[in-house]
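Working notes for the structure below.
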Amino acid sequence: MADFHFSVFSGGAGAAGGDTRLLDALDRATAAAPGGARWRVRRAAMWCHVVPADVECPAQGWKLHVSATPASAPEVLSRSLAVLLAGGSAFKFAATLDHVAALTARNASRGHSGKFITVYPASDDEAVRLARELHEATAGLPGPRILSDRPYAPDSLVHYRYGAFVEERRITNDGFYAWMILDPDGNPVEDQRVGRYTPPPWAVCPFPDNRADAPGSTGNGPGDKRNEILIGTRFAVREAIRHTNKGGVYRALDTETGEPVVLKEARPHVAADEDGKDARDRLRAEALVLEAVAPLRLAPRPVRLFTQSGHLFLAQEMVPGTTLGQWTADLIGERGWGPHLAPALEAAARLTELMIRAHGAGLIVRDLNPNNVMVRPDGAPVLIDLELAVPPGAPDEGPLRAGTPGYAAPEQMDGAAPDPAADRFALGATLCHVLTGGPPYFLEERPAARSVTERLAEWLAARTQGLELPAPVPPLLLGLMADEPGHRWGLEQARDALAAAAGGTGGRPAVPAPAPRLRPGWLREQSGQAVSGITDHLLATMDAGSTDTLWPASCVHGAPDPCSLQHGAAGPLGALVRCFDLTGDRRLPDAIARAAGWILTRLDDGTARPAGLYFGTAGAAWAVLDAGLALEDDALVDGALAVADRLPASVDAPDVTHGTSGIGLAALHLWARTGHARYAERAVAAADALAAAVEERSGRLSWSTPAQYDSKLAGRRYYGFAHGIAGVGYFLTACARATGRDDLLALAAAVGQNLLDEATVSGRAAMWGAGPGDAPTAPYWCHGAAGIGGFLVRLGDATGEERFVQGAERAARAVLEHRWRAPLGQCHGLAGNGDFLLDMAAFTGDAAHRHDAWRLVRIVLANRARRGGAAVFPDEFGQVSVNWGDGMSGILGFLLRALHGTPRLWTADVPAGLAGGAAAAGAGVEHAS
């Protein structure tokens, strides 16, 4: 028997627990394999790595991927193991069927989808041999096409691409990891993992050309950077609406009728379950639904269902108009918060009538949400994307755990059989969105201490503060979304309530519901509990023993630098330090010390990082310095200053998040906290570099990242705080105040005037586009009014010029009028907007702004979920994240500031009237001079 060595699993690979079918297959194969090879088996996250001992894996080369579905994975692995264990090359495979399902899910990353087994051949000859043998071994088994690779042969599960074999990653100028390979001259280039086959130009393909040049054989689908092509012999594709792993959605022209159509594509074996059903079955089901309800005009008219190159396509009528979600945002944006109610109530009534007709015809929708409804130009709603719908008279397919979070009924997400009561819940959630502008998305509580009704009542009260919501509406929404399916309102009852809300009973207008009374101190009490709950979550989820991330990281943004302020450990650390300073929580010093030490270790590990404040080293050094000062830990302080001393004074990027302005702000902060004059010199050098780089175009000042700079920001010009001239102007203002440099303040004032000139003013509110020529964007910190207003109010305070304060007041009005927008975070959300309102209160002395900030606090708190003793909040993607930019540490910073009146985190100013910091910061600057 072969001598196999398992370095992780004692007793064999199958000892990991849980679903072990795939690991058991490895056990059986290794036990039966001939020869004397020794294998190292390691389970890491979702992968099981199998590496031959005494064989060195190349750094890069032609790698193989074998795809599978959850149903075929055990057989694919069993057949492949016979080849791989005899071949002697390293490989890995997804360790459970749940992981296989995740790799093939409808919305999985197109660059990673389908890669069940990855093989790292020792040579090109070995790659060709293994590809042939794996192809022969797995022929006839189902698996999806891997879009980043080229298939070995038509319908083969085996694919190949040139790329990295080892995790050779580098942090880009944008602050994210990228996988790297070396070109023939030894220069690093990115190993692009995207949804199309993109081999590097120097890599000579060693594989035989077994491809069939059939339409669609590239796997990218129609509409991918091509001119018009014909699909199904009659549909001329004009453009792609979107691409997902399950397939694309395209605008096309029916050449037989001349009518515009929408083409929906379903790729084979994607989103497959263990019964073998996949995305094509869902598309066939949608076609049956559309056919069944066609006479009722509830949904698009089906045109044709057809297959091309193995892909299933459904051509259907193109419905003119916009999605209900976009229609709602446009309505509130155009009419304003409050005046939007009358047309919103009319839309709610139409949508309810649509559901009455659908249920009357025997249709169960199962995925009603604002993105699955189109609003025609005449206001009529139309159901779209009916993949989950059950047509009239269809046999019971059994439970299905599917739906859109926030809109699908809890029992549906738990696998209940199709039921019209779940549609009534979804209607209530959709009406919440139409009337309030945001989704009633509630994270799961563990244990479930509060009912949906209780949480929804609090959420509605918070979201509709100041809104004269007609009295029948709250009971309607609570009734449709009742916890017990049997207690939910009927659709006719909902229709009657909406008629009453619109003043339809005897022509008398409905009386607005009185605002619920909160007992004194309730909001502050709940805020304090949320601070404690977020802190509990941060402490419970921090893993100082991890070599990858200090806190669990979301992958929605890519792979960020784990030390960074925006998406890494520095943001939560800064929030915890502030929490300790204010609360004296005795649990925090140890956690702060371990977190700061974790960051310092990685900042000193030789990894090349950008220098920026939010996406680089400057922010991490700032956080560690504050930790060291809070703990009176000289080693942390010295370590942070050593890191800071390696920073350049300026870089090619000018902005706050990545570039010179942020580096300058960090220098100002270090100067204020330590009194070391060298940081004053660095701040001035950064300001001088910006002054030298300013450009004037058509009478407007601007800065931009050079076009040749390796960054997604290269060549772009922005107005906002994060990436644009508002952030640059803020740093120049702060530096001018600290140093007395009138020339810097004059330059900042010119920037401020440019921004006033570029504002779109409506009534008392001002909005800005992201950059020149752009329409006004949401009033967030990153690009919009909250960030720009934060600069303008500080500029007004520094110059004494009322025009800038008035501009900030208009920005504050825009923020308040857009409080209906749903995200909660700092970068683009209510926490960042609330911090701006607290800025306004601090600089202007107007307590009304503080009151408005507390209104945002109430909305934020209404989104909390309790998990044990901790509190969690959803980020803008519906996930639990601790990040500063869009997660809970940013919320924690806002809540602490609202409760204690402290200065804003990550700013280098000490506004008059804010508690605690002015004297200390002033003393530091005086000492430095």
Side-chain angles (χ1 to χ4, degrees), residues 285 289 292-293 298 324 348-349 351-373 381 383 385-436 439-460 472-498 501 862-863 865-866 878:
V289 169
V293 301
L298 300 172
L324 182 63
L351 191 59
T352 302
E353 191 63 42
L354 180 69
M355 290 299 293
I356 290 174
R357 293 170 57 209
H359 281 191
L363 177 69
I364 303 177
V365 178
R366 290 209 291 183
D367 198 17
L368 180 69
N369 67 74
N371 289 326
N372 284 356
V373 176
L383 299 171
D385 289 340
L386 293 169
E387 295 178 5
L388 301 183
V390 178
D396 184 3
E397 296 182 355
L400 175 70
R401 290 178 173 84
T404 301
Y407 298 94
E411 71 273 11
Q412 178 177 315
M413 299 300 282
D414 287 340
D419 190 322
D423 278 357
R424 298 200 295 273
F425 183 99
L427 175 63
T430 302
L431 297 188
C432 281
H433 192 125
V434 172
L435 296 170
T436 74
Y441 181 75
F442 302 128
L443 292 170
E444 179 186 5
E445 292 198 320
R446 303 172 193 152
R450 297 180 296 165
S451 67
V452 171
T453 299
E454 180 183 353
R455 298 175 72 184
L456 179 61
E458 180 186 346
W459 183 88
L460 279 173
V473 171
L476 157 70
L477 300 176
L478 292 168
L480 286 172
M481 297 180 67
D483 292 83
E484 291 295 328
H487 295 166
R488 290 175 192 151
W489 279 23
L491 295 177
E492 289 76 11
Q493 185 180 6
R495 177 176 58 191
D496 293 345
L498 285 167
N863 290 272
R866 300 168 182 167

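If you're wondering where the values come from, they're calculated on a predicted model, not measured in any experiment.
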So which heavy atom on [X] is nearest to which on [Y], and how close?
| X | Y | result |
| --- | --- | --- |
| Leu476 | Ala497 | CB-CB, 4.2 Å |
| Gly878 | Leu443 | O-CD2, 3.8 Å |
| Pro405 | Tyr441 | CB-CE1, 3.3 Å |
| Leu478 | Ala457 | CD2-N, 3.8 Å |
| Gly428 | Met481 | C-SD, 3.6 Å |
| Trp459 | Ala862 | CA-CB, 3.7 Å |

Just one of Val390, Thr404, Leu386 clears the side-chain contact (heavy atoms from CB on, under 4.5 Å) bar with Arg366, so which one?
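So the option named by the test is Val390.
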Just how far is it from atom [atom1] of [X] to atom [atom2] of [Y], taken to the nearest 0.5 Å?
| X | Y | atom1 | atom2 | result |
| --- | --- | --- | --- | --- |
| Asp419 | Gln412 | CG | CD | 9.5 Å |
| Asp483 | Thr453 | CG | OG1 | 4.0 Å |
| Thr430 | Leu477 | OG1 | CG | 11.0 Å |
| Leu491 | Leu351 | CG | CG | 10.0 Å |
| Glu458 | Arg450 | CD | CZ | 6.0 Å |
| Glu484 | Ser451 | CD | OG | 10.0 Å |

Do the non-hydrogen side-chain atoms of [X] and [Y] ever get within less than 4.5 Å of each other?
| X | Y | value |
| --- | --- | --- |
| Thr352 | Leu431 | yes |
| Val293 | Pro391 | no |
| Leu456 | Cys432 | yes |
| Asn372 | Tyr407 | no |

Could you tell me whether Arg488 and Glu411 make a salt bridge, using a distance below 4.0 angstrom between a side-chain N and a carboxylate O?
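Here Arg488 pairs with Glu411 in a salt bridge, since their nearest N and O are under 4.0 Å apart.
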Closer than 3.5 angstrom, by distance alone: can the side chain of [X] be matched with the main-chain N or O of [Y] as a donor-acceptor pair?
| X | Y | result |
| --- | --- | --- |
| Arg495 | Glu353 | no |
| Asp367 | Gly403 | no |
| Asp423 | Ile364 | no |

